[in-house]
Protein chains: 2
Amino acid sequence: MKSKYTTIIDIARQLNISKSTVSRALTGHPNVKEHTRKAVLELAATMEYQRNSLALGFSKHTTNTIGIMVPEFMSTYFPSVIVGVQDVMQAAGYNVVICQQNESYESEVSNMKLLLSYCVDGIIVSHTKETRNFDHFTLAQRRGVPLVFFNRVPDDMNVPNVVVNDYEAAFQAVEHLIGIGRKRVAHLAGPESLVNTRQRRQGYLDALKKHGIPYNPDLVLSYDLTTEKVKIYMKHFLDLETPPDALFAINDPTAIAAMEVVKAKGLRIPEDIAVVGFSNDFSAQLVYPGLTTVAQPTADIGRTAAEMLLTEMKAKVKNDYTIKKAPTVQLPTKLIIRESTMIKGKAKKR
Amino acid sequence: MKSKYTTIIDIARQLNISKSTVSRALTGHPNVKEHTRKAVLELAATMEYQRNSLALGFSKHTTNTIGIMVPEFMSTYFPSVIVGVQDVMQAAGYNVVICQQNESYESEVSNMKLLLSYCVDGIIVSHTKETRNFDHFTLAQRRGVPLVFFNRVPDDMNVPNVVVNDYEAAFQAVEHLIGIGRKRVAHLAGPESLVNTRQRRQGYLDALKKHGIPYNPDLVLSYDLTTEKVKIYMKHFLDLETPPDALFAINDPTAIAAMEVVKAKGLRIPEDIAVVGFSNDFSAQLVYPGLTTVAQPTADIGRTAAEMLLTEMKAKVKNDYTIKKAPTVQLPTKLIIRESTMIKGKAKKR
DNA sequence: CAAGAAATTGGAACCGTTCCCACGAAAAAA
DNA sequence: TTTTTTCGTGGGAACGGTTCCAATTTCTTG
C-alpha cells in the first residue's frame with residue numbers, strides 16, 4: 001500500500017508466482033498455463049493494473065509513440081493535418097503527442113529535445129518561421145529517430161517530406177488574377193526563412209513574366225506573418241500613387257486581414273482590388289466576400305506524412321539520407337474561385 | 001559505439017570517475033569539485049549527452065510534464081485555451097503534451113491511459129461529447145494525478161475546474177434577442193451529455209419566462225454537433241408553420257452552419273431571423289453578416305486552469321476531493337453584438 | 001516405466017538515472 | 001597534534017518491465 005498503483009510485482013506476490021510469469025501472462029506470451037494466465041488477468045483487472053510505459057520504454061528504447069511538431073494551430077491548416085496523422089497512426093497502433101511552438105524557435109528546440117528524451121519512435125515536423133538553424137533536426141537523425149517534414153521543409157536538408165507544388169499553385173493563382181484583367185498585382189509574401197515564401201514568390205514572378213507584365217518591386221513585400229504588419233503593409237500598398245488592382249497573399253489569414261484594410265478604406269472587393277489567398281482555411285469561405293484561394297489537401301498531407309514515417313520507422317536498417325535521396329511526395333492543389341476574384345455579372349448570388 | 005546516444009556511464013568511463021559524480025555534476029549538485037564539474041560538462045557537450053527522461057521519470061515517478069486533453073481543435077476555442085496553458089506551464093518549467101480526441105470517447109479513454117502510463121504530473125481536461133462514463137478520470141485521481149477541468153465539466157464529479165457562467169451568458173444572449181423585438185426564439189442545443197448544453201438551455205428558458213414568452217418545445221432541438229444535423233434541424237425550423245424569428249445556437253460553428261441554411265433559403269439576417277452564437281470563435285467576425293456571440297476569455301481560461309493545476313501538483317498532501325470541496329473559478333463572458341442581431345438603421349456599414 | 005521432449009516457471013541481468021550511505025582526504029576547530 | 005567537520009567521491013540499491021537461460025514439472029513415447 002506504499003504506492004498508489006499496481007506493478008507486476010504486486011500481482012506476482014499476491015499469486016505467489018514470479019514476476020516473469022506475470023509479465024508473460026500480461027503480454028500474451030504463449031508459454032503460460034491457461035490457469036495461471038486467467039488468474040493473472042483477473043487479478044490485474046481487479047487491482048487496476050496498468051503497464052508503466054516509462055519502464056517499458058526505458059528498457060526497450062522504443063515507446064510506440066510519435067510526436068508531431070507544428071508552428072501554430074490557430075488556422076485550420078495544421079489541426080487538419082494533425083487529424084490526418086492521427087487517423088493513420090491510431091490505425092497502426094501508435095500514440096500521437098502534439099507539440100505546438102507558437103512560431104518560437106526556442107520552443108521548437110526544447111520540444112524537439114523533449115520528444116527525443118522521451119524516446120519517441122519518430123517525429124513529423126513543420127518548422128517555425130524563426131527557424132534558421134537546423135541542428136536540432138540533425139540531432140534527431142544522429143539519434144536514429146526518423147523525421148518527416150511537411151509544408152515547411154528545411155531546404156538545405158535532405159529529408160523525407162510531403163509538400164504541395166507551391167510554385168505551380170502560386171503561378172496559377174496569379175495567372176487567374178491576370179486572367180480577370182488585373183495588371184498591378186501586389187504580393188504580400190511571408191518570411192524569407194520559409195521555403196514556401198520563396199517558391200510562391202517565384203511563381204508570382206514567373207506568372208507576371210509569362211504575361212508580359214513587368215515586375216514592380218514596390219508591389220512585393222515580405223513580412224513576418226503578424227496581423228499588425230499586414231495592416232501597415234496593406235495600407236502602404238493602397239496609398240501608392242497607382243495602387244494595385246489585385247493582391248496575392250502568402251496565406252488566408254494574411255488575405256483576410258488585408259481585406260479588412262481594403263474594406264475599411266471603402267474600396268470594393270473585387271471591383272477595386274481582387275484578392276487571392278493560400279491554403280483554403282475554413283475562414284476563406286466565411287469571409288465576405290468569399291476568398292479565392294489555393295486549396296491544400298490537408299488531411300491527405302497528414303495521412304501521407306504518417307505513412308511515410310511508418311515506412312521510415314519500419315526500415316530495419318535506418319536510412320541514411322546523407323548518402324541517399326530522401327523520399328518526397330507532392331500532393332495536388334486546387335484553385336478555389338470565390339467572390340473575391342469574381343468579376344461583375346459572374347458573381348454568385350448570396 | 002553500440003548505441004547512438006550518450007549516457008552518464010559513457011562519460012564516467014571516459015573520465016575514469018563514477019557515474020554518481022557525473023550525475024551530480026550534471027544536475028548541479030553543490031558537492032562536486034569545480035575541476036571535475038567542468039570536465040564533465042565539457043565532455044557531455046562534445047558527446048551531445050542528453051538526459052534520458054524515461055529513465056528519470058521511471059525512477060522518480062514524476063516527469064515535469066503535464067497533459068492537456070481536448071475534444072477537438074478545428075474551432076479556435078480549444079487551440080486558444082491551449083496557448084494560455086502553455087504560456088503558464090512553460091514559465092513554470094513544465095512541458096505540455098496535447099491530446100486531441102476527435103470527440104471520441106474511446107480516444108479519450110486511451111489517451112488518458114497513455115498519459116497516466118507516461119507518468120505525467122497532471123492533466124487538464126475538457127471531455128468529449130460522447131463521454132458519459134467518468135471512470136478514466138477517477139482512475140487518474142486514484143493514481144494521485146491531479147486533474148483540472150475546463151469548459152466541459154463532469155457534473156457529478158467534484159473536481160477543480162475553470163468555467164464561465166453558461167447560464168447567465170445564455171440568459172443575456174436570449175434577453176438581447178427579445179430586446180430587439182423577437183418573440184419566437186429558437187434554440188439549437190448541444191448533446192445532453194454536456195453540462196454547457198443544460199445550463200445554456202436553462203438560461204434560454206428562464207430568459208423567455210422572465211419576459212413572459214411561453215416556452216414552445218417545437219423551437220428547441222438538441223443535436224450532436226455535426227454539421228449535417230444543423231442543416232436538417234435548421235431547415236426543419238424554417239419549414240414550421242410559424243417559423244422562428246431568432247436563433248440562439250449552442251456555439252459559433254452551429255450558428256454559422258445555420259446561417260448558411262437561412263441564406264440559402266433566401267431569408268435575410270437579421271431582418272427575417274436574428275442569430276446569436278457562443279464563444280466568439282475567430283470565424284464569428286468573418287462570417288457575413290457578423291455574428292453576435294458570447295465571448296469567452298479563452299486564453300485566460302487556459303492560464304487559470306494551468307495555475308490551478310500547478311497549485312494541485314504542489315500540494316504536498318494530495319487534496320482529496322471526495323471529502324472536501326474542489327476549487328472552481330468562474331470567468332466573465334461578454335456579449336459581442338454584431339450585424340446578425342442589429343436591427344435596420346443601427347447596422348454598421350460594411 | 002524410464003528416458004527424452006515439451007511445457008511451464010523462476011532467477012537474474014539489463015535499461016539510465018538518482019540518491020542514500022560509506023569512506024578517505026582535507027580543512028577547521030580543539 | 002588530535003579530533004571533528006566538511007568536502008568530494010565511489011558503490012550499490014531502487015525504479016518496473018522484458019527476456020534469456022536454466023530448472024522444474026508434465027507429457028510422450030519407446
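We name chains A, B, ... by the order of the sequence lines, and we start the count at 1 in each one. Please read all numbers here as calculations on a predicted model, not as lab measurements.
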Does B:T27 make a side-chain N or O approach to OP1 or OP2 of C:dT17 shorter than 4.0 Å? no
Looking at D:dT18, C:dT8, D:dG10, which one has an atom nearest to any side-chain atom of B:I17? D:dG10
Do side-chain atoms of B:D121 reach the backbone of B:T63 as a donor and acceptor pair under 3.5 angstrom? yes
In terms of side-chain heavy atoms of A:F58, which of D:dG16, C:dT17, C:dT9 is nearest? D:dG16
Using a 4.0 Å heavy-atom cut-off across all strands, classify A:N52 as base, sugar-phosphate, or nothing. sugar-phosphate
Considering just the side-chain nitrogens and oxygens of B:H61, establish if one lies under 4.0 Å of OP1 or OP2 belonging to D:dA14. no
Salt-bridge contact A:R152-A:E72 (side-chain N to carboxylate O under 4.0 Å): no
Nearest-nucleotide check on DNA chain D, B:V32 vs A:I8; residue mapping nearer the 5' end is B:V32
For the side chain of A:S18 and the base of C:dG11, is some donor closer than 3.5 Å to an acceptor across the two? no
Report yes if at least one side-chain N or O of A:R24 is closer than 4.0 Å to OP1 or OP2 of C:dG10; otherwise report no. no
Looking at the side chain of A:T7, which of D:dG8, C:dT18, D:dG17 is the nearest nucleotide? D:dG17
Which listed nucleotide (C:dT17, D:dT9, D:dG17) is nearest to the side chain of B:A55? C:dT17
Does B:Y118 have a side-chain nitrogen or oxygen under 4.0 Å from the phosphate oxygens OP1 or OP2 of D:dG16? no
Is there a side-chain polar atom (N or O) of B:Y5 under 4.0 Å from OP1 or OP2 of C:dG16? yes
Under 4.0 Å, heavy atoms only, any strand: does B:K19 hit a base, just the sugar-phosphate, or nothing? base
Taking for each residue the nucleotide of DNA chain D with the nearest heavy atom, is it B:K60 or B:R37 whose nucleotide lies nearer the 5' end? B:R37
Roughly how far apart are A:H127 NE2 and A:E108 CD, rounded to 0.5 Å? 7.5 Å
Is B:S23 close enough to C:dT18 that one of its side-chain N or O atoms is under 4.0 Å from OP1 or OP2 there? yes
Given 3.5 Å as the limit, does a donor-acceptor pair link the side chain of A:S193 with the main chain of A:K129, or not? yes
